[in-house]
Novice: 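One structure is given below, represented as C-alpha cells, and several questions about it will come after.
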Amino acid sequence: MENSWNPLGYKNLYRELFKKHLDRQNELLKKNRPVGWFFSFHPSELIYIFDVVPAFPEQYSAYCAARGSSVDLIDTSISSGYGHFLCDYFKTTIGMIEAPEKATPPLMPKPDFIISSRALCVAHHEMAEVFSRYYGIPKYTVNYPYWTTDSLKNPDELTKEAEWAEEVYVEYTIERLRGLVDFLSKIAGEVDEDRFMEVFRKSEKTSELLIKILNLMMSKPTPGSQREISDLVFIAFFVLGSDYALEFCENAYEIIKERVKRKEGVSEEKYRLLTFGIVPWHSLKIYQYCESMGANFPVNLYVNASVHKADSSNPYLSMVRRSMHFTNSSYEMLDGVVKTAKKAEIDGALLLENTGCRITSMIIRPLAERLNEDLGVQSLILEAPQCDPRVMPMERAKTQIDAFLESLS
Amino acid sequence: MREPFKLFFSIFQERSKLKEYRNEGRRIFGTMCNNVPEEVIHALNAVPFRMFGNYGNTNLANSRIPSWTCNYARNVMEAGLRGDFDFLDGVVSATTDDTKIHLFSAYRFYMKPEFSYLVQFPYVRDEISERFFSKELERFAKHLSSFLSAEFDLERLSDSIKIYNKYRLLCSEFEKLRADEKPKIRADEFMALMLSSLSMLKEDFTSMAENLPEMLREHDGFSDYRLRIHLSGTDFYSLTLLRLIEESGMAVVSDDLCTSAGYFTGYVEGDGFDALAERYSGCTACVMTSSNTELSVEERLRFIRKKLRENEADAIVLLKDRGCEVCGHQCPWIVREIDAPVLVLDLDFPLSVEQYRTRMEAFVEAHGGG
Ligand code: SF4
Ligand code: SF4
C-alpha cells in the first residue's frame, strides 16, 4: 500500500551544484587548462589546488544510464572485443570513445592525463590503462593497499579514522601521493601552498558535514530519501574541496537537521532497510518505490564508504584515509558495518549486485550473512548492473521487492 | 599423452607429492596467483602449492560468489567449499586483479584458513615502488615465519632462489623443445608438466624432470600440424581444450598463460628481498605492474611479439574466459596490434568443447599452410 513520499528537497541544491561545477569546467576549458580523468576515491582536493578540469568516467556513465544511452554504448564496447563481464562504467566510457555519436552530450572532454588510483578496485587501474592508450596520454598510478586484518585495526565506518594502520603501507601511499603532486605540478604548474591548505580546510569542513548528514539519516523516522542521499557520492568522490560542495553541504545539513528536529520522515515508516551496491542509475525510482511503501533507507553503505573525515592538519594522511572503507578491506572487517546497521535499527537489507563489478558483487553474500548472523536481518539481493537495465527490468524488481517486504511484515 | 607426462599429470591430479610432504610433517600453503613469491614460503621449509579446482559445475561456489566470475576463481571456491583444501595450513594471494583480491577475501571469510596473506603489488616499477615491494615481501616473510614459529633465514632464501631459478631454466628448455620445427612436446603434455610443477617442491620436480629434455631431443617430434600458434590467456589449465587445438591442426609453440610462461619466465638476479621484488614486479606476461613509462598491456604485447618471433609462431589463439577481467580489458589490443592472425575463443565453463572445433578448423583452413 503506497503512502506519501516526502523527500528532503535536495533536488534544487543538486541542480545548483552541478551548474556551478559545469560553469567552472567551461571557464577552465576556455582558459585551456589541462583536462584530467579521475576515478572515485582519488584525492579530489588536488583538482581545485591545481585548477585542472576533471572528468569522471563513472559519473559520465551514470549520466548516460540515466539518459538512456548506456545500453548502446555498452554494446559498442562488447562488439569491439572487450569483455561482457566488466564494469559497466568501463564499457559505457569505451562506447563514448568509440561511438561518440551514440553518447549523451555533453561528452567528457578529451583528457590530457589520467590518474589511476586503486583505492577501490583494480578495474580503475585496468580502465585507466585502456583510456590512456586510446588517447596516448600520460597516466599516474596511486596504488592504495587493500586493507586486511593484519594491516588495519578498527576503522570507523564513517570517518575512516582507524586505531592503527600498517606504517609500511601508509608511508608508501603517501610517497606515491607526493609523486602525484609532482606529476600534476609538471602538467598544471607549481603548487601554491596557501591554496593547498585552503582547499583542504574546505574539504575538512565539507567532510564533517557529510558525516553529520549521514548520521542524521539514521534518525527515526528516516528523514530523507535515497533518491537524494545516494547522489552524495558525487560530492564525496569528485568535488570534495570545492566551494560549491561546501555550500551544498551547509544547506543540506540545515535541511536535514530541521527535518529531524520535527521528527518528519520521508514516508510513513514501516520498515528500516539498509542498502548497499551502486544504485542502478537507469532505475533510480527503485528507492522511491520502496519508500512510497514505507520501506525507508536510513543507511546506504555505498554512500557511507564514499565519505571520510578529511584532516587539513595532515592532508596526506587524510588522502590515505579515503581508502580505509569496508569495500577496500577484507570481509572479516565487516564489524563496523554491522555496528552501523545495529545503530540504525534496520529490519532488512536491499543489496544490489552490480554485474561486472567484482567489488560490490563479491562482498554482498558475506555481508548478507553477517547481517543475518549478527542481527537476524534478512536481505534481498537484486542483480542490477548499474548502467544496463536489461538485466533488471524495473517491473521484475518491484515484484521481488513486494515479496520481500511482505516477508518482513 | 605419453608415459612420462602421464606420471607428472597424476602427481597433479592425485596430489601424491603433497601427501608425502604432509606425512613428513611439512606445512603446505595454497597460492592463488602465479605472482605470489613462492621462494619466501619455500625458504621457511614449507611447501607452496598452486590452488586449482576442477569442477564442471560450480554450484556451491555460485551461491557465494557471482556465477559470471572467471572459471579459475569459481573453481578454487568450489574446491574449497567441498573440502578439497582442508589439508592446507594457509593461503596466499596477491593484489594482481580484483578477482584475486576478492577471491582471497571470500575464501578467508568462508573457509577461515589458519594463516592467510595478501601480497600487495605496487603496479608501478620505479625506485620508490621497488623499495616498498621489497619491504612488503619482508613483511610477508615476517608474518609467515611468526605463524610457523621459525626464524627467517636469508641464506635459506638464497638457496630457495637458486632452486627456483634452476626450475625456470628447466622450463625454458621444455619451451625450446616444444618450439622445435617438429615440436617434441604436445600442448597437453606441456601443461601436465606445468601443473605437476605447481603441486610439488621445485627441487623434486627438477630432479624428476631433468632428464626429460635429453630423452625428448631423441624423439622425432611431431609434424602433424599446419599452423604454429602462440597461446594467449590467463589462469587456464584445461587439457581437453589443448588437445582439441592440436587435433585441429595447430601446434602450440609458445604461450603467455599465468599457469605456464607467465609463471616461470624471469629469473631472480641476485639475493634477498630486493632481488625477489625486482623479479616479481618485473614479470610482464600478465601482471598489472609496469614501468613508469609504459603500460602493462604494452609490455604484454612486447612479450607476445617476442614469443612469436623466437618461436616462429604463425598465429595466436586467445583464450578469453568470459569472466576474466584481464582478458576482458586486454583482448582487443592483442587482436588489433599484433601483426598475426588471432583466433579469439570466448570460453564459457563448463566447456562444451565441440563448439570450438569448427572454429579452430576454419582458422587452420584460413591460415595454415599445405
Ligand atoms: S562499479 Fe565496481 S568495478 Fe566499476 S568502478 Fe565501481 S567499484 Fe570499480
Ligand atoms: S587473471 Fe583472469 S582468470 Fe586469472 S584470476 Fe584474474 S580474472 Fe581470473
Side-chain angles (χ1 to χ4, degrees), chain A residues 77 80-87 90 94 116 118 120-123 125-130 132-133 138-146 148-151 166 168-169 171-173 175-176 178-179 328-334 353 355-359 361-366 369-370 383, chain B residues 63-66 68-70 73 95-106 108-110 112 116-118 120-124 126 128-129 131-133 135-136 138-139 143 288 290 292-293 295-298 320-336 344 346:
Chain A
S77 151
S80 295
Y82 291 102
H84 187 98
F85 294 101
L86 297 179
C87 168
F90 171 73
I94 288 291
S116 141
R118 202 220 65 81
L120 173 65
C121 56
V122 184
H125 179 61
E126 290 163 335
M127 56 180 114
E129 284 243 332
V130 174
S132 137
R133 192 156 170 82
K139 166 179 78 74
Y140 186 89
T141 303
V142 185
N143 183 22
Y144 297 78
Y146 178 81
T148 52
T149 39
D150 63 43
S151 57
E166 171 59 72
V168 175
Y169 296 169
E171 273 172 17
Y172 170 61
T173 316
E175 280 187 283
R176 290 300 299 166
R178 288 193 194 282
N328 186 41
S329 308
S330 62
Y331 303 168
E332 312 86 349
M333 295 165 81
L334 288 168
E353 177 184 330
T355 322
C357 169
R358 284 146 188 88
I359 314 310
S361 300
M362 284 177 83
I363 202 172
I364 267 186
R365 283 162 189 86
E369 279 194 24
R370 281 295 305 268
E383 187 179 357
Chain B
S63 64
R64 310 299 206 288
I65 60 175
W68 46 261
T69 49
C70 68
T95 57
T96 39
D97 64 33
D98 282 327
T99 308
K100 283 195 170 126
I101 295 176
H102 291 272
L103 170 64
F104 171 83
S105 255
R108 251 165 77 122
F109 184 84
Y110 289 110
K112 303 191 173 29
S116 58
Y117 195 90
L118 184 71
Q120 308 275 342
F121 262 73
Y123 298 6
V124 192
D126 59 13
I128 296 171
S129 304
R131 214 181 320 123
F132 158 74
F133 197 41
K135 280 191 203 161
E136 166 64 356
E138 205 174 333
R139 184 178 186 272
H143 278 251
M288 302 307 295
S290 63
N292 244 346
T293 50
L295 301 174
S296 73
V297 65
E298 281 160 359
K320 186 178 170 208
D321 180 328
R322 66 176 197 138
C324 173
E325 54 182 280
V326 176
C327 295
H329 285 98
Q330 295 192 342
C331 169
W333 298 97
I334 296 173
V335 175
R336 279 177 212 175
V344 179
D346 282 298

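Order of the sequence lines sets the chain letters (A, B, ...), proteins ahead of strands, with each chain counted from 1.
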Novice: For the interface with chain B, which of V168(A), D150(A), V130(A) has the highest count of heavy-atom pairs at distances below 4.5 Å?
Specialist: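 Maximum pair count with chain B is reached by D150(A).
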Novice: Could you label the plane-to-plane angle of the F85(A) and W68(B) rings as parallel, tilted or perpendicular, counting under 30° as parallel and over 60° as perpendicular?
Specialist: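 Aromatic pair F85(A)/W68(B) classed parallel.
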Novice: Among D321(B), V344(B), I65(B), I128(B), single out the residue with the greatest number of heavy-atom pairs under 4.5 Å to chain A.
Specialist: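 Ranked by contacts with chain A, first place is I128(B).
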Novice: Specify which of T69(B), V297(B), D346(B) makes the most heavy-atom pairs with chain A at under 4.5 Å.
Specialist: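 It is V297(B).
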Novice: What part of C87(A) lies closer than 4.5 angstrom to a heavy atom of chain B: side chain, backbone, both or neither?
Specialist: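 Neither part; nothing is under 4.5 Å.
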Novice: Suppose we call two aromatic rings close when their centres sit under 6.0 Å apart. Are Y146(A) and H102(B) close by that rule?
Specialist: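 Judged by ring-centre distance (under 6.0 Å), Y146(A) and H102(B) do meet the cut-off.
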Novice: Can you tell which part of L86(A) gets under 4.5 Å to a heavy atom of chain B, answering side chain, backbone, both or neither?
Specialist: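 Looking at L86(A), just its side chain touches chain B.
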Novice: Quick one about Y123(B) and S116(A) (side-chain donor to acceptor, distance below 3.5 Å, no hydrogens or angles considered), yes or no?
Specialist: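 Not at all, the side chains of S116(A) and Y123(B) share no donor-acceptor pair under 3.5 Å.
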Novice: Given that the side chain runs from C-beta out, which part of Y140(A) has a heavy atom under 4.5 Å from chain B: side chain, backbone, both or neither?
Specialist: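 When you check distances to chain B, no heavy atom of Y140(A) falls under 4.5 Å.
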Novice: Between S80(A) and P332(B), what is the shortest heavy-atom contact and its length?
Specialist: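 Closest approach of S80(A) to P332(B): O-CB, 3.6 Å.
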Novice: Look at R358(A), E383(A), K139(A) and state which one has the largest set of heavy-atom pairs under 4.5 Å with chain B.
Specialist: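 Max contact count across the listed options: R358(A).
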Novice: Could you check whether T95(B) and R118(A), counting side-chain N and O atoms only, form a donor-acceptor pair closer than 3.5 Å?
Specialist: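 Result is no, nothing qualifies.
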Novice: Which answer fits Q120(B), side chain, backbone, both or neither, if we ask what part of it has an atom under 4.5 Å from a heavy atom of chain A?
Specialist: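 Side chain of Q120(B) only, per the 4.5 Å heavy-atom cut-off to chain A.
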Novice: What I'd like to find out is whether the side chain of S330(A) reaches to under 4.5 Å of the side chain of S105(B), using heavy atoms alone.
Specialist: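 Side-chain contact under 4.5 Å: yes.
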Novice: Measuring from I101(B):CD1 to I359(A):CD1, what's the distance to the nearest 0.5 Å?
Specialist: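 If we round to the nearest 0.5 Å, I101(B):CD1 and I359(A):CD1 are 7.0 Å apart.
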Novice: Who wins among R336(B), K135(B), R108(B) for the most heavy-atom pairs under 4.5 Å with chain A?
Specialist: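 That would be R108(B).
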Novice: Can E175(A) and R131(B) be counted as an ion pair, charged N to O under 4.0 angstrom?
Specialist: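 Yes, E175(A) and R131(B) are salt-bridged.
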Novice: Based on non-hydrogen pairs under 4.5 Å, which of S116(B), C331(B), S129(B), S63(B) is most in contact with chain A?
Specialist: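 Greatest number of close heavy-atom pairs with chain A: S129(B).
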Novice: Quick check for you: to the nearest 0.5 Å, what is the distance between E298(B) atom CD and R133(A) atom CZ?
Specialist: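 Result: 4.5 Å between the selected atoms.
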Novice: Find the one option among R370(A), M333(A), R176(A), E353(A) whose heavy-atom pairs under 4.5 Å with chain B are most numerous.
Specialist: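 The option with the most such pairs is R176(A).
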Novice: For the residue pair M362(A) and T99(B), what are the closest heavy atoms and their distance?
Specialist: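 Looking at all heavy atoms of both residues, the shortest contact is CE-O, 4.4 Å.
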Novice: With a 4.5 Å cut-off on side-chain heavy atoms, are R64(B) and I364(A) touching?
Specialist: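 The answer is no; the side chains never approach within 4.5 Å.
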Novice: In Å and rounded to the nearest 0.5 Å, what is the OG to CD distance from S296(B) to E126(A)?
Specialist: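 With rounding to 0.5 Å, OG (S296(B)) is 8.5 Å from CD (E126(A)).
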Novice: In Å and rounded to the nearest 0.5 Å, what is the OH to CZ distance from Y172(A) to F132(B)?
Specialist: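 Taking OH in Y172(A) and CZ in F132(B), the distance rounds to 6.5 Å.
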Novice: With only heavy atoms counted, which part of T355(A) is less than 4.5 Å from chain B, the side chain, the backbone, both or neither?
Specialist: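 Looking at T355(A), backbone and side chain both touch chain B.
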Novice: So which of G356(A), S77(A), S329(A) has the biggest tally of heavy-atom pairs under 4.5 Å with chain B?
Specialist: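 Among G356(A), S77(A), S329(A), the one with the most close pairs to chain B is G356(A).
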Novice: Give a yes-or-no answer on whether the side chains of Y117(B) and T148(A) include a donor-acceptor pair shorter than 3.5 Å.
Specialist: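 There is no such pair between these side chains.
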Novice: Can you classify the ring geometry of W333(B) versus Y82(A) as parallel (below 30°), tilted (30 to 60°) or perpendicular (above 60°)?
Specialist: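 Rings of W333(B) and Y82(A): perpendicular, as their planes differ by over 60°.
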Novice: With no hydrogens and no angle check, is any side-chain donor or acceptor of N143(A) less than 3.5 Å from a backbone partner on F121(B)?
Specialist: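 Yes, N143(A) side chain to F121(B) backbone: donor-acceptor pair under 3.5 Å.
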Novice: Do Y169(A) and R139(B) have side-chain N/O donor and acceptor atoms under 3.5 Å apart?
Specialist: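 Checked: Y169(A)/R139(B) side chains pair up, N/O donor to acceptor below 3.5 Å.
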Novice: Look up atom CG in D98(B) and atom OG in S361(A), then write down how far apart they are to the nearest 0.5 Å.
Specialist: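 Rounded to the nearest 0.5 Å, the CG-OG separation comes to 10.5 Å.
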